[in-house]
Amino acid sequence: MERVPTPQTASPPATGAAATSPVRLTINGMDQALTLDNRVSLLDLLREHLHLTGTKKGCDHGQCGACTVIVNGRRINSCLTLAVMHDGDEVTTIEGIGTPDHLDPMQAAFVAHDGYQCGYCTPGQICSARAVLEEIAAGIPSHVTGDLNAPPPLSAEEIRERMSGNLCRCGAYANMLEAILEVADTQGLPA
Amino acid sequence: MKAFSYERASSPADAAARAAQIANARYIAGGTNLLDLMKLQIEAPSHLIDVNGIGLDRIEETAEGGLRIGALVRNTDLAADPRVRRDYPVLTRALVAGASGQLRNKATTAGNLLQRTRCVYFYDPNMPCNKRVPGSGCSALAEGAVSRQLAVIGTSDACIATHPSDMAVAMLVLDAVVETVLPSGETRVIPVADLHVLPGDTPHIETTLRPGELVTAVTLPPPIGGKQSYRKVRDRASYAFALVSVAAIIQPDGSGRIALGGVAPKPWRRDDADAALPKGATAVMERLLAGARPTEDNAFKLLLAERALAATLAEAKE
């Protein structure tokens with residue numbers, strides 16, 4: 001699935017311009033200064049250069065959500081953005097959310113509710129799930145929000161809709177939903 | 001992905017001037033469509049101009065009482081803006097009907113308007129496509145092709161691709177205007193209705209933008225009230241492109257505006273169809289879809305559009 005760029009077959013960049021760029025960014029609280037091939041996606045930077053393999057490469061086209069990470073406080077598909085576009089940005093991956101010894105509440109809830117089966121989509125699901133609760137708390141509307149001028153409710157319907165960019169081939173959705181609702185409940189978010 | 005050089009622009013004028021100096025340069029903002037296409041080598045720019053840092057990320061009120069939306073405002077921020085939710089709810093509804101939360105956090109207002117079709121034959125480099133390789137033929141019109149998703153009106157013998165945007169359909173029904181800057185430094189305004197062009201025999205030409213022209217903002221006229229809705233019909237409940245969508249603004253007297261998505265190479269609207277609104281959905285669709293040339297695969301869209309509008313009109317009366 002991983003494909004190493006093959007510069008010998010690629011066409012040269014515009015005359016006089018560099019095919020690599022310097023970039024400084026903070027990943028899970030650690031400053032990183034790198035010079036990267038312009039083609040390196042944020043996802044490939046994480047996995048291939050920094051060996052943070054928690055973030056998964058699924059479709060590599062923004063359709064499955066396995067590569068979801070948090071950039072400057074927002075969830076994005078790390079496959080559809082270039083690493084060199086993130087100069088100065090703060091990136092949080094699943095490794096920055098919790099560790100086996102100190103699980104984040106969302107990770108603990110996914111374990112408690114068996115919210116994963118093969119586990120491949122799980123890091124992206126957990127990054128998304130945390131962001132979904134923040135998006136609801138921030139009042140950001142979704143496709144299923146009834147009244148656009150009122151805060152969206154924290155309902156199963158809202159969570160399902162907002163998690164729709166993360167696909168699970170095992171079909172563990174019901175358990176994930178239970179886990180997310182439990183975390184929402186313990187955070188005291190209004191239903 | 002083909003190799004390319006990369007730079008960050010410092011201002012809109014700087015970006016446009018640079019684009020004119022470098023052959024085969026492209027702007028990049030959210031990247032959610034361009035990088036997808038670059039991975040498949042459907043797009044292969046030799047140079048990328050990153051426009052993220054050029055200050056076009058604000059929504060401001062205009063002197064006329066409307067809103068000026070910076071080209072780089074993210075779809076999430078536009079949908080969530082309290083003024084948009086209150087005064088232009090059709091726009092919020094269209095935005096949240098599109099893509100996923102992750103994509104809306106990156107995708108921009110200008111990028112959404114300029115995204116390319118998701119026609120499966122455009123996306124498959126092994127198949128002929130007049131939009132991707134001019135003159136190579138249209139696979140969607142070949143014997144046995146799958147055209148369920150594709151356009152029923154505004155098409156040509158060269159191309160039946162649809163414009164995929166939901167946001168653009170709402171922008172059309174709101175009479176939004178696009179503001180741009182040219183490499184010369186000159187600026188101009190283009191009604192959204194005039195931004196996209198029909199395929200004719202040049203389906204690779206999709207907009208009226210000139211080489212190097214950069215979209216800087218989209219302006220909404222003052223609010224016009226009415227019951228505003230965006231009804232999107234698709235093959236699954238969420239995160240899919242429209243088979244048919246209806247953007248509607250219906251006034252208490254039954255007059256209003258209608259635009260369709262998913263049926264044409266551009267967001268689709270006709271003034272004479274709007275005029276027929278008091279007569280009901282069938283009368284509107286007789287005008288709006290007059291001259292439609294569906295395939296056997298997608299002829300269902302004609303009836304689906306009428307029923308989606310009928311449901312919209314019934315809801316507006318509640």
Side-chain angles (χ1 to χ4, degrees), chain A residues 3 5 7 9-21 37-41 60-63 65 67-69 71 74-82 84-88 124 127-128 131-132 135 138-145 147-150 160-167, chain B residues 1-8 21-25 28-41 44-48 50 52-53 74 76-77 79-80 82 84-86 89 92-107 123 228 230 232 236-240:
Chain A
R3 212 173 46 162
T9 60
S11 61
T15 315
T20 62
S21 299
D37 187 309
N38 295 331
R39 290 173 288 186
V40 174
S41 67
D60 206 26
H61 287 274
Q63 296 172 6
C67 69
T68 302
V69 299
V71 176
R74 293 187 157 201
R75 59 176 169 149
I76 67 165
N77 301 111
S78 60
C79 70
L80 285 187
T81 191
L82 298 171
V84 294
M85 293 167 68
H86 290 279
D87 198 49
C127 287
S128 253
V132 160
E135 288 163 13
I140 294 168
S142 86
H143 179 56
V144 298
T145 305
D147 180 357
L148 288 185
N149 296 302
R160 278 197 190 94
E161 161 62 24
R162 291 166 193 265
M163 292 295 293
S164 65
N166 290 80
L167 305 187
Chain B
M1 201 184 292
K2 299 273 190 184
F4 54 87
S5 49
Y6 167 88
E7 68 180 324
R8 298 179 191 109
Q21 287 164 10
I22 301 165
N24 199 18
I28 189 162
T32 55
N33 188 208
L34 182 58
L35 287 171
D36 188 19
L37 293 167
M38 285 169 65
K39 288 180 182 194
L40 298 166
Q41 297 190 13
S46 58
H47 185 74
L48 287 185
D50 184 339
N52 282 295
R74 308 290 151 168
T76 297
D77 295 320
V84 176
R85 288 156 74 169
R86 185 187 66 222
T92 289
R93 291 291 181 199
L95 283 160
V96 297
S100 66
Q102 291 97 313
L103 291 167
R104 292 193 295 271
N105 280 343
K106 278 301 262 185
Y123 253 78
Q228 303 192 9
Y230 189 76
K232 180 172 178 178
R236 59 185 186 196
S238 186
Y239 196 21

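By convention in this document, chain letters (A, B, ...) are assigned in the order of the sequence lines, proteins followed by strands, and residues within each chain are numbered from 1.
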Partner of Arg74(A) under side-chain contact (heavy atoms from CB on, under 4.5 Å), chosen from Arg104(B), Arg74(B), Gln102(B): Arg74(B)

Shortest non-hydrogen separation from Ser164(A) to Tyr239(B) and the atoms involved: O-CD2, 3.3 Å

Which atom of Leu80(A) lies closest to which atom of Leu103(B), heavy atoms considered: CD1-CD2, 3.8 Å

For [X], is it the side chain, the backbone, both or neither that has a heavy atom under 4.5 Å from a heavy atom of chain A?
| X | value |
| --- | --- |
| Ala107(B) | neither |
| Leu95(B) | neither |
| Asn105(B) | both |
| Asp36(B) | both |

Partners passing side-chain contact (heavy atoms from CB on, under 4.5 Å) against Thr145(A) (at least two apart in sequence or in another chain): Pro141(A), Ser142(A), Pro152(A), Glu158(A), Arg162(A)

With Ala44(B) via side-chain contact (heavy atoms from CB on, under 4.5 Å) - residues at least two apart: Lys2(B)

Most chain A-contacting option - heavy-atom pairs closer than 4.5 Å, from Asn33(B), Asn24(B), Leu34(B), Ile28(B): Ile28(B)

Backbone N/O of Leu82(A) and side chain of Asn38(A): donor-acceptor pair under 3.5 Å: no

Main-chain N/O of Ile140(A) paired with Thr76(B) side-chain donor or acceptor, under 3.5 Å: no

Contact leader toward chain B among Val144(A), Asp87(A), Asn166(A), where contacts are heavy-atom pairs under 4.5 Å: Asp87(A)

Heavy-atom pairs under 4.5 Å with chain B, option from Val71(A), Val84(A), Val132(A) with the top count: Val84(A)

Heavy-atom contact with chain B under 4.5 Å, split by part of Ser128(A): side chain

Contact origin within Cys127(A) toward chain B - heavy atom pairs under 4.5 Å: neither

